[in-house]
S.K.: 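Sharing a structure, written as C-alpha cells. Questions coming.
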Amino acid sequence: MNASSAKVSSAQVFGVDIGGSGIKGAPADLERGELAQERHKVLTPQPSEPKAVLEAVREVVGHFDWNGPVGLTFPGVVVDGHTLSAANVDKGWIGLDAATMFAEGLGMPVALVNDADAAGMAEVAYGAGKGRSGVVLLLTLGTGIGSALFSDGVLVPNTELGHLELHGKDAEKHASSAAKEHHDWSWSEWAGRLDDYFAVVEQLFSPQLIIIGGGVSRKADKFLPLLKPLRAEIVPAGLQNDAGIVGAAMAAAKSAGRPA
Ligand code: BGC
C-alpha cells in the first residue's frame, strides 16, 4: 500500500529528520505527539552534499501524498534557516541558506531546526520532559552527540554540548554511540566514558532532568543502570527515535502559524 492512501488530518504536519547516516520522515500527528503513518527512511547520500540531501528529502516526502508545511532537522547549528556548522555532514552546508534551498526544492513552506533541538521540543511537549519545570537537558547519543537545553520549557537553541572538550578531545568522539561501535566498546566501557561526559555537563549546567535520545535510547536498560549516580534524574526519551520527526513537524506548524 502506498502510504498516501491514508487520510491526512489538519493536525498533521510533515517532519523529516536528517541525520549523518539516515534521512527519515512521516506526517506527525501534533494532537497526539506521534507519527501518523509509518516513517519512510533512506540512507543519507555520501558525500552528504546539500543537493544530494535535497534529492533524498524529496524522495522521503514524495513517498507520501503530502502538500503542506514540512519541518526538517539538520545535524548542525541552524540560525534563521542557515546551516552554520557541519561536524558529521559535508562541509558544503556551512553558511548555506538551507531553508530556502529546501523550500524551493520541495515547493512547500519549510522550517529548519537543529536535530537535537527538534527532539528536545518533542520530548518536552509530549515525552519524558512533559510537565517538567527547571533545567531539562536532552542529549542524543548517535553519530554525534546533540543537545537541547530547556529552562522551564523554553529552549536555548544550538547549545552544541557534544563539542565540549573531554580529555583533550571533542566529547562526541569520546562518548557517542558511533564511537562505541567504531571502537567496539562493551556497554560498561561506554558507560565509563558517559560517566566522564555527564560529570562535565552536570558541573556546567546542573540540569534536574537529563533525557537520553537517539537510536540507542531503545537500549537504555543496557547502559543507564551502569552509570555512576548523578544529581540529575536520567531517563530515556519517551518518543525514542521518532522525537526528531515530531519536533521538526512542531517547528513547521509553529512557523506556519498552525496550533501544535
Ligand atoms: C552537531 C550537532 C548535532 C549532533 C547530533 C553534532 O556533531 O554539531 O549540531 O545536534 O551532532 O546530530
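Read the numbers this way: they start at 1 and go in the same order the structure lists the ligands and their atoms.
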S.K.: Would Glu49 and Lys51 satisfy salt bridge (Lys or Arg N to Asp or Glu O under 4.0 Å), going step by step from the backbone distance to the final call?
M.R.: CA-CA 6 Å; Glu49 287 162 351; Lys51 290 281 178 255; over 6 Å; no
S.K.: Among residues at least two apart in sequence or on other chains, which ones pass salt bridge (charged side-chain N to carboxylate O under 4.0 Å, His left out) with Glu233?
M.R.: Arg132
S.K.: Could you go through ligand 1 and note, for every N or O atom, any protein N or O atom closer than 3.5 angstrom, writing the atom names and distance to 0.1 Å, or 'none'?
M.R.:
{"residue": "ligand 1", "atom": "7 (O)", "partner": "Asn88", "partner atom": "ND2", "Å": "3.1"}
{"residue": "ligand 1", "atom": "7 (O)", "partner": "His163", "partner atom": "NE2", "Å": "3.3"}
{"residue": "ligand 1", "atom": "7 (O)", "partner": "Glu172", "partner atom": "OE1", "Å": "2.8"}
{"residue": "ligand 1", "atom": "7 (O)", "partner": "Glu172", "partner atom": "OE2", "Å": "3.1"}
{"residue": "ligand 1", "atom": "8 (O)", "partner": "Glu160", "partner atom": "OE1", "Å": "2.5"}
{"residue": "ligand 1", "atom": "8 (O)", "partner": "His163", "partner atom": "NE2", "Å": "2.7"}
{"residue": "ligand 1", "atom": "9 (O)", "partner": "Gly76", "partner atom": "N", "Å": "3.3"}
{"residue": "ligand 1", "atom": "9 (O)", "partner": "Asn114", "partner atom": "ND2", "Å": "3.0"}
{"residue": "ligand 1", "atom": "9 (O)", "partner": "Glu160", "partner atom": "OE1", "Å": "3.4"}
{"residue": "ligand 1", "atom": "9 (O)", "partner": "Glu160", "partner atom": "OE2", "Å": "2.5"}
{"residue": "ligand 1", "atom": "10 (O)", "partner": "Asn114", "partner atom": "ND2", "Å": "3.2"}
{"residue": "ligand 1", "atom": "10 (O)", "partner": "Asp115", "partner atom": "OD1", "Å": "2.5"}
{"residue": "ligand 1", "atom": "12 (O)", "partner": "Asp115", "partner atom": "OD2", "Å": "2.6"}

S.K.: Using the ring of each side chain (for Trp, its six-membered ring), is Phe14 parallel, tilted or perpendicular to Phe64, with breaks at 30° and 60°?
M.R.: perpendicular
S.K.: Can you check whether Val216 reaches Lys222 side chain to side chain, under 4.5 Å on heavy atoms?
M.R.: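 Counting from C-beta outward, Val216 and Lys222 never come under 4.5 Å.
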S.K.: So, do Phe223 and Leu194 sit near enough that their side-chain heavy atoms are less than 4.5 Å apart?
M.R.: yes
S.K.: Could you check if a side-chain atom of Thr159 sits within less than 4.5 angstrom of a side-chain atom of Phe205, using non-hydrogen atoms only?
M.R.: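 Of all side-chain heavy-atom pairs linking Phe205 with Thr159, none is under 4.5 Å.
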